Amino acid sequence: MIPVTTFKDQTVALFGLGGSGLATAQALLAGGARVVAYDDAEASRRKAGEAGVPVQDLRSIDWTVVAALVLAPGVPLTHPDPHWSVKLARAAGVEVIGDIELFCRERQAIARRSPFIAITGTNGKSTTTALIAHILRVAGRDVQLGGNIGTAILSLAPPKPGRVHVIECSSYQIDLAPSLDPSVGVMLNVTPDHLDRHGTLENYAAVKERLIVGVEGGGTAVVGVDDDFSAAMADRAEQAGTHVVRISVVRPLPDGIWRDAETLVVSEGGAERFRLPLAGIGSLRGAHNAQNAAAAFATCRALGVAPEVITVAMKRFPGLAHRMEEVGNKGKVLFVNDSKATNADAAERALTSFTDIFWIAGGKPKAGGITPLKPWFDRIAKAYLIGEAAGDFAATLGADVPHEIVGTLDKAVEAAARDAEVSGADEPVVLLSPACASFDQYPNFEVRGDAFRALVRALPGIAAREKSTQPAAQVEQPKGGHPHGMGMGNPHANPHAGSHPHGANPHGGHPGKGHP
């Protein structure tokens, strides 16, 4: 836990008592704040009360003595309409903030030079966050991983010199963090999403940009420039004096990190400085994962990790569960769990990453169905359709793709495994990438993915691949020196950082950092 001392002896109202809300209430209490918390759900109120959190309806409190309202990120701040607790706070002139903001204030108070990496983007932020944490662990760093990826930020160990916090930030969390000031801010991409909560795409992009604008003095902004919104953010940040590393998977960059087929290329001043091959790293297949890898490379370089160490770590990256997770092999048949692909846009990333696909798709349908995936139908050897969407998907596939309505996941796995094994293809892939929500047959995509993994591992002759999203810290310094010119981090960074045996500042702090 990170005790929040910055509100010691002050009254803090809190709304939203889910996992992160409860952790926040306990962190505030541990730091000496007076907390009054509430949730619309009786079960959440009861659980909080049993945990020792004072619970009271915020409509009945004296707002004149409240220093701040801490809002859970899932509660509407602006659109479609501010939550009633937000309206009460604003009417009383009380600031509305979230748990990321509490972390930022605590870091400023107790360890303002401790490394803090914040990652956002519409797509890829969880994989990028996990990959950065993995690389830093391999480099021997003390790493705390949390935020939107699943562990509440205030449940982590407190900031201290040498400890790196790697935090995934959703747009909801950024909107509640006016003091967000990472050492390295990562902005991957912007595509339409969460418009019900931000009103317009422009508003959504503007919220995301705050993470880059907030990068502290001497820090680094890592920005994907393959969409217009993000490219403009990179330009504005550079004009404001922030050190920017641009990344692209669609075109070469004279300065930055870009994708050349299955290789990442690091360029400076128009010259190539380093190449990192991604071929053979199953957890980093596809253009979308090349963007994630490029962002992770730039981030870890900004913290002084040597490129050779990054290369070793990426080869060991196990990937995230349910995101193109390689579950196992049966002979030459590869089984891939991409249950997280709950819409066509997400499923496209998997379909573009393989050929000879035996595709398991379906579930609770989303608007647009799989029509946008038609350009990739030629990669599908056969489709196995499940759930409510099966009929509509069959109609879309038509005569273009052989398909079978099987109804349930167990039947789909059995049929796809059988057909893939006898297909004669060089690299057949049984791919669960449903392009649908799970709620017709499963409570969430994780349970659906777990079911797929269990079904695959129960097949006779399967060689299972053990995966972990929490790799143990490993230290390995490959042979060979530091490539000449491989700066790519903060230009003010310690020039000797790469000579440390772990490729890092020996004291673990962010070199050359200064608070704005």
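Just so it is clear, the model here is predicted, and its values are computed rather than measured. FYI, side chains are in, hydrogens and waters are out, and symmetry mates aren't considered; it's all heavy atoms of this structure.
- Smallest separation of non-hydrogen atoms from Val86 and Pro82: CG1-CB, 4.0 Å.
- Annotation: side chain of Leu77 is not in contact with side chain of Tyr172 (no heavy-atom distance under 4.5 Å).
- Between the side chains of Arg448 and Ser339, at least one donor N or O sits under 3.5 Å from an acceptor N or O.
- One finds the NE2 atom of His79 at 5.5 Å from the CG atom of Asn203 (value rounded to the nearest 0.5 Å).
- Between the side chains of Ser230 and Asp227, at least one donor N or O sits under 3.5 Å from an acceptor N or O.
- The closest donor-acceptor contact from the side chain of His165 to the backbone of Leu145 lies at 3.5 Å or more, if one exists at all.
- Smallest separation of non-hydrogen atoms from Asp338 and Ala350: OD2-CB, 3.4 Å.
- Between Phe445 and His322, the ring planes lie perpendicular to each other; the angle is over 60°, past the 30° to 60° tilted range.
- Classification of Asp175 and Arg210 as a salt-bridged pair holds, one side-chain N sitting under 4.0 Å from a carboxylate O.
- Side-chain atoms of Asn189 come within 3.5 Å of backbone atoms of Thr122 as a donor-acceptor pair (strictly under, hydrogens ignored).
- For the side chain to side chain contact (heavy atoms under 4.5 Å, CB included) criterion with Ile117, the lone passing option out of Thr128, Val166, Ile167 is Val166.
- Side-chain polar atoms of Thr120 and Lys208 form a donor-acceptor pair below 3.5 angstrom.
- A donor-acceptor pair is defined here as one N or O able to donate and one able to accept, closer than 3.5 Å; no such pair exists between the side chain of Thr263 and the backbone of Arg259.
- With respect to the salt-bridge test (charged N to carboxylate O, under 4.0 angstrom), the residues Glu95 and Arg90 do not qualify.
- Side chain to side chain, Thr352 and Trp376 fail the donor-acceptor criterion of an N or O pair below 3.5 Å.
- Looking at Arg246 and Glu238, a side-chain N of the basic residue comes within less than 4.0 Å of a carboxylate O on the acidic one, giving a salt bridge.
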As a quick check of understanding, evaluate side-chain hydrogen bond (donor to acceptor under 3.5 Å, both in side chains) for Asn123 and Gln291, giving each step before the final call.
CA-CA 10 Å; Asn123 299 303; Gln291 185 185 51; over 6 Å; no
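- Screening Ile132, Ile310, Val138 against Val305 for a side chain to side chain contact (heavy atoms under 4.5 Å, CB included) leaves a single residue, Ile310.
- Closest non-hydrogen pair, Val245 versus Ala298, comes out as CG1-CB, 3.8 Å.
- Under 4.0 Å is where a charged nitrogen must lie from a carboxylate oxygen, and between Glu325 and Arg453 at least one such pair does.
- Using a 4.0 Å cut-off between a side-chain N of Lys or Arg and a carboxylate O of Asp or Glu, Lys340 and Glu446 do not qualify as a salt bridge.
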Step-by-step side chain to side chain contact (heavy atoms under 4.5 Å, CB included) determination, Thr151 to Leu156:
CA-CA 8 Å; Thr151 301; Leu156 303 175; 3.7 Å; yes
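- Close placement of the Phe116 and Phe103 rings is indicated, their centers lying within 6.0 Å of each other.
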